Amino acid sequence: FVVRFSLQNLMDKISSDDFIQCHRSYVVNLKRIKTVDLSNNLVMFDTREVPVSRREKTKLMERLDYLK
C-alpha cells in the first residue's frame, strides 16, 4: 500500500512523546538515538545517520535534555 500524507499528519497520528521531527523529511524516535553530532547536524543510530535541520536543532536538543 502507498499512503500519502504529510509528516505532520503522521506526527498527529503517532501522538507519542518519543518521536520528533528533526528535519522536514525525517521523524525520529528519541529513545533510539545513540549520538548527536552538532557540528555536522546529524543524529546517529546503530546503522543510520539522519540530518537535523537548523530550524529543528534547538527543539531536538531541548527534548533530548528533557529525557535525561
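Excluded from the calculations below are hydrogen atoms, water molecules and symmetry mates; all remaining heavy atoms, backbone and side chain alike, are included. In this text, all values refer to a predicted model and were calculated from it rather than measured experimentally.
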Looking at every heavy atom in both [X] and [Y], which two are closest together, and how far apart are they?
| X | Y | value |
| --- | --- | --- |
| Lys34 | Phe45 | CG-C, 3.9 Å |
| Leu7 | Ser25 | CD1-C, 3.6 Å |
| Pro51 | Cys22 | O-SG, 3.4 Å |
| Met61 | Leu38 | SD-CD2, 3.6 Å |

### In one Ile/Leu/Val/Met/Phe/Trp/Tyr side-chain cluster, 4.5 Å: Ile20, Leu64
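Yes, Ile20 and Leu64 fall within the same hydrophobic cluster.
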### Task
Would you check if the side chain of Asn40 reaches a backbone N or O of Leu42 as a donor-acceptor pair within less than 3.5 Å?
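Not confirmed, Asn40 side chain does not pair with Leu42 backbone.
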### For Ser16, side-chain hydrogen bond (donor to acceptor under 3.5 Å, both in side chains) partners two or more places apart
none
### Query
Given Asp37 and Thr35, is the side chain to side chain donor-acceptor pair (under 3.5 Å) satisfied, shown in steps?
CA-CA 7 Å; Asp37 182 351; Thr35 28; over 6 Å; no
### Task
Take Val36 and Met44 through the test side chain to side chain contact (heavy atoms under 4.5 Å, CB included) and record every step on the way to the result.
CA-CA 6 Å; Val36 178; Met44 290 168 255; over 6 Å; no
[atom2] on [Y] to [atom1] on [X], rounded to 0.5 Å:
| X | Y | atom1 | atom2 | result |
| --- | --- | --- | --- | --- |
| Lys57 | Asn41 | NZ | CG | 4.0 Å |
| Glu56 | Arg63 | CD | CZ | 11.0 Å |
| Gln21 | Tyr26 | CD | OH | 12.0 Å |

### Query
Should the pair Lys59-Glu62 be classified as a salt bridge under the 4.0 Å nitrogen-to-oxygen rule?
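Not counted as a salt bridge, because no side-chain N and carboxylate O are separated by less than 4.0 Å.
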### Task
Begin with the C-alpha distance, continue with both residues' side-chain angles, and end with the deciding distance and a verdict on side chain to side chain contact (heavy atoms under 4.5 Å, CB included) for Val52 and His23.
CA-CA 5 Å; Val52 177; His23 189 274; over 6 Å; no
#### Entry: side-chain contact (heavy atoms from CB on, under 4.5 Å) partner of Asp18, chosen from Val28, Leu30, Asn29
Asn29
### Task
Report yes if some heavy atom in the side chain of Leu60 is under 4.5 Å from a heavy atom in the side chain of Ile33; otherwise report no.
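Leu60 vs Ile33: side chains touch.
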